[in-house]
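Following: one structure in structure tokens, then a few remarks.
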Amino acid sequence: MATRTSGTSKRTLYRLTGVAPTVDAMFDVLDPDRLEAVDAELHFPAERLGVPALLVTGSFEQPVASWCGEINRTTGCEVSRPVNRSAGLLMLVVDGEVYAIGYDQGFRLVPDRLKDRRFGLGFVIRRVDPSQIRDMVSHTPGGGRTDITLVPGGTPVWSLGVQEHAQIVRRLGGRLDGIQLTIAQHDRTKVSSVEGGTGLRMRLGIEAEDLVTDVRTIARVLRDEAPAPELEFVEHIVPVKDADLVTRLEERLDGMLGEVSDGRIAVAVPSSHWEDYGAAQAFATKVHSPEAHLTDDFSLEYVLSRARVQRAGTRFAALRDGTVTLYAHTRASRGDVIGTSGVLQWIEAEVALGARRFFLLDEQWYEIGEAYLEAIRSQVERLITDTPSVDLPAWVLGDRERDYNESVPDLRPGYVCLDRDNVRTALHRGNGVEICDLLSPDDVLVMVKRAKGSDALSHLFGQAVVAVQTLLHSPEAMDGFAQRVAAARPGQALPDGFRPSKVVFAILLKSGTDLTADTLFPFSQVTLVQTAKMLEAWGVAVEVIGIQATAAPPIRAGIRRLAA
């Protein structure tokens, strides 16, 4: 029986910046020393691909593996085995952009400085299923901490606990969410997964036409599509692009490099060396010196000491021009080289300009404070909906909150008013816990509030957290809640095994002002986002709606006059 040939192969695609879309320009950016090290051969497959292209092939050869000498000394056995790793690099121009694909060790031929650091990540947040995240790498500025999370079976992004305003997501992977790539047409049995950081790792077409088409499709997604709402926070922390501001930051860091270290400069393993870092046994660092400093780990102390002896105004440049070479063996011979990168890629620095805080990471500057405000606003906009899942009547402005809640079941059959009908437990013996103001026909917990300030909403959000937490962890509270629902809604008791799945905050703002991200009190925005994160982490969805205001109907106004 003939074996079906796969039409795709898992590869890592890079988009390069600062490279003219010509074969000559692609060749010029490659490191001649690296090409010589692999005994490179050049090929020009433009006719086959239909676009300008350059193919570099070669191999990293070592006559005797680094471990042979050690094992000879340990065992007395004479062992001599060579090492030969192949390297292929395909560079191609598609619609004016330059891309590169590495085969085996070929990715090491691509200079790190040319890689678009947000390319792979930008595609993933637009096309991965937010409920099927399989891996994430995030960095917390201010301490050199990088967290790597792997969930092979997939998990919703909210369950990963990323602090959207305080962490930089550097890599994300998961299941592709429906896109017309070669993988969807020819290899339906393959798992359509994708991983994106600097590069984009996924199954790409092998045939020339398929590969170019896939690259075009990826570019179209990045150009025309918005990130998934659950993942758009990834782009809130973006590199600083203002050239004048970058210059000011570099000048400030130059001054800091001449001072005694106070912890604002730390080590951060560059994204291009996450896998290499664990395999490296020697690090050779050069900072404005003809001789390399050899250590068994990256030495921040050496780097800072070399920076301090440079003239003011030249320290940052000295680090930018410095290099770090990783070796697979302590002898650090040419055949043991794993890779080389700039010293600045290993540095994380925190710099303040007035009240604004910036971080240098992987040779990119980021502003965290502004990103925090953007992240909060974006989440508030996500939570406030113009298409409510619950149908609530307008609020007569003269009514008290309790009047409104009690009127809803008459105006909207199927709703239950549980305002002040508290549930008491062994833990909540006093006034008990108010689970919700209203329960919708499909058992959504509705919290109602007329708010003139942020304090009232803080109380509302806190009530929701306590109520949900109580229902989830107290069988006594759940029984009490179920009894109240059964009494108020005969014939439509809560289903067996009920647990809250959604909370709706229904808010009448001030004197009927429309509820938007602009009109919600600033402090309430922060509290709302924190509350939503907590509830969503428990598997409870959150929705925020504005209640429409209305003047008292004539009949109700007449009733009030009679009562008076």
Side-chain angles (χ1 to χ4, degrees), residues 125-126 130-131 138 156-169 226-238 356-357 366-390 392 395 436-438 440 444-468 500-549:
I125 64 174
R126 286 163 171 78
S131 67
S138 61
V157 64
W158 57 258
S159 70
L160 296 175
V162 62
Q163 300 178 48
E164 298 177 8
H165 62 279
Q167 291 179 296
I168 300 173
V169 175
E230 300 90 337
L231 297 172
E232 63 182 359
F233 71 88
V234 172
E235 289 195 338
H236 291 156
I237 299 179
V238 297
R356 300 170 69 183
R357 294 168 59 240
Y366 301 88
E367 182 173 11
I368 302 302
E370 187 66 27
Y372 171 77
L373 298 177
E374 291 181 3
I376 292 295
R377 181 180 178 85
S378 175
Q379 289 301 310
V380 170
E381 290 175 342
R382 174 179 69 86
L383 295 168
I384 298 177
T385 178
D386 293 330
T387 56
S389 62
V390 295
L392 296 181
W395 189 315
C436 60
D437 294 302
L438 299 167
S440 75
V444 169
L445 305 183
V446 182
M447 313 291 186
V448 177
K449 183 62 63 178
R450 180 174 185 176
K452 296 182 179 179
S454 59
D455 53 343
L457 293 182
S458 294
H459 175 78
L460 180 73
F461 301 147
Q463 173 197 341
V465 171
V466 173
V468 170
S501 60
K502 188 172 190 177
V503 168
V504 172
F505 294 112
I507 299 170
L508 176 65
L509 201 59
K510 300 178 182 177
S511 298
T513 304
D514 288 341
L515 181 67
T516 67
D518 292 321
T519 58
L520 185 62
F521 315 114
F523 184 77
S524 295
Q525 293 190 33
V526 176
T527 311
L528 170 60
V529 170
Q530 293 172 341
T531 300
K533 283 187 175 298
M534 190 176 300
L535 294 175
E536 289 171 348
W538 297 338
V540 179
V542 176
E543 179 182 322
V544 182
I545 66 172
I547 301 177
Q548 296 297 312

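Only a predicted model underlies this, so the values are computations on that prediction, with no experimental measurement involved. Just so you know, these numbers use all the heavy atoms, side chains as well, and skip hydrogens, waters and symmetry mates. The residues of the chain are indexed from 1 along the displayed sequence.
- Using a 4.5 Å heavy-atom threshold, the side chains of Phe521 and Leu509 count as touching.
- Between Thr527 and Ser458, the closest heavy-atom pair is OG1-OG, 4.1 Å.
- Contacts of Gln525 classified as side-chain contact (heavy atoms from CB on, under 4.5 Å), with partners at least two apart in sequence or in another chain: Ile376, Val380, Leu520.
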side-chain contact (heavy atoms from CB on, under 4.5 Å) assessment of Leu438 paired with Leu392: CA-CA 10 Å; Leu438 299 167; Leu392 296 181; 4.0 Å; yes
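- For Glu543, the side-chain contact (heavy atoms from CB on, under 4.5 Å) partners at least two apart in sequence or on another chain are Thr385, Pro388, Ser389, Lys502, Val504, Ile545.
- Closest of all the heavy-atom pairs between Ala464 and Val503 is CB-CG1, 4.3 Å.
- The two residues Ala467 and Met447 make their nearest non-hydrogen contact at CB-CE, 4.2 Å.
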Show, in sequence, the C-alpha distance, side-chain angles and deciding distance for Leu515 and Gln548, and conclude whether the side-chain contact (heavy atoms from CB on, under 4.5 Å) test is met. CA-CA 9 Å; Leu515 181 67; Gln548 296 297 312; over 6 Å; no
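- Among Ser131, Pro130, Pro156, the one residue that satisfies the side chain to side chain contact (heavy atoms under 4.5 Å, CB included) test with Glu230 is Pro130.
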Is there a side-chain contact (heavy atoms from CB on, under 4.5 Å) between Phe461 and Val542? Walk through the geometry before answering. CA-CA 11 Å; Phe461 301 147; Val542 176; over 6 Å; no
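- A distance of 10.0 Å separates CG in Leu445 from CD in Gln463, rounded to the nearest 0.5 Å.
- The side chain to side chain contact (heavy atoms under 4.5 Å, CB included) test with Phe505 is passed by exactly one of Thr531, Leu457, Leu383: Thr531.
- Nearest heavy atom pair, residue Arg450 against residue Trp395, reads CB-CH2, 3.7 Å.
- Within the 3.5 Å criterion, the main-chain N or O of Asp514 finds a donor-acceptor partner in the side chain of Thr519.
- Of the residues Val544, Ile547, Ile384, the one that meets the side chain to side chain contact (heavy atoms under 4.5 Å, CB included) test with Ile507 is Val544.
- To the nearest 0.5 Å, atom CD of residue Gln530 and atom CD of residue Gln379 are 12.0 Å apart.
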